[in-house]
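Below, all heavy atoms of this structure are taken into account, side chains as well, without hydrogens, waters or symmetry copies.
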Amino acid sequence: MFSRRFVIIFVVCLFGMSSWQVYATNVAPVFNNKAKLSPRLQHLLSQHLKTTPNQHKLVTVIVESEDSIQDQQGIRLAGGKIRYKSGKSHEIQIPINKLSVLQKHLNKSTFIRLPFPHMPLS
């Protein structure tokens, strides 16, 4: 009924599709490997992007992580400036519109938050 050539092509296509699905499911977690932002910082970022997305306001944030060397590289790549370092915490200044870039450059175990409420935000 079907030619041998058609059957071979059909089987190869099925194999290719199934291997692509396996590849896509194995690679997907890598793309979700972003640092976590605190709820207050997420709110500040979303408000800024809604009101003045082109303004480059500097914000001071605290980056908490175990991997200090990789964090420092990620902070520099994102355009941040390290102000202080204490243990596993870094206080940095970064343009608010670069926070999402910073989030992508850091590990998913990293937590980015605003300084305590009694401290200035910039």
**Report entry** salt bridge (charged side-chain N to carboxylate O under 4.0 Å, His left out) partners for Lys88, two or more places apart
**Finding:**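 Per chain and number, Lys88 pairs via salt bridge (charged side-chain N to carboxylate O under 4.0 Å, His left out) with Glu66.
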Could you pull out the closest heavy-atom pair between [X] and [Y], with the gap in Å?
X: Lys108; Y: Lys36; answer: O-NZ, 2.6 Å
X: Pro115; Y: Thr60; answer: CD-O, 3.1 Å
X: Pro95; Y: Gly79; answer: CD-O, 3.9 Å
X: Gln103; Y: Ile112; answer: CA-CD1, 4.3 Å
X: Leu102; Y: Gly74; answer: CD1-O, 4.1 Å

**Report entry** ILVMFWY cluster, Val101 and Leu44 together (side-chain gap under 4.5 Å)
**Finding:**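 No: no chain of side-chain contacts under 4.5 Å links Val101 to Leu44.
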Query raised in the report: Does Glu64 use its side chain to pair, donor to acceptor, with the backbone of Ser89 at less than 3.5 Å?
Result: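 No, the answer is negative, given that no donor and acceptor are paired below the 3.5 Å cut-off.
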Query raised in the report: Lys98 side chain to Ser100 main-chain N or O, any donor-acceptor pair under 3.5 Å?
Result: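 Absent.
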Report task. Return the set of residues passing side chain to side chain contact (heavy atoms under 4.5 Å, CB included) with Ser38 (not counting sequence neighbours), or none when no residue passes. Result ->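 Side chain to side chain contact (heavy atoms under 4.5 Å, CB included) list for Ser38, sorted by chain: Arg40, Leu41, Phe111, Arg113.
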Query raised in the report: Would you say the side chain of Val59 lies within less than 4.5 Å of the side chain of Leu114, judging by non-hydrogen atoms?
Result: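 They are in side-chain contact.
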Query raised in the report: Can you tell me how far the CG atom of Leu99 sits from the NZ atom of Lys104, to the nearest 0.5 Å?
Result: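 So the gap between those two atoms works out to 12.0 Å.
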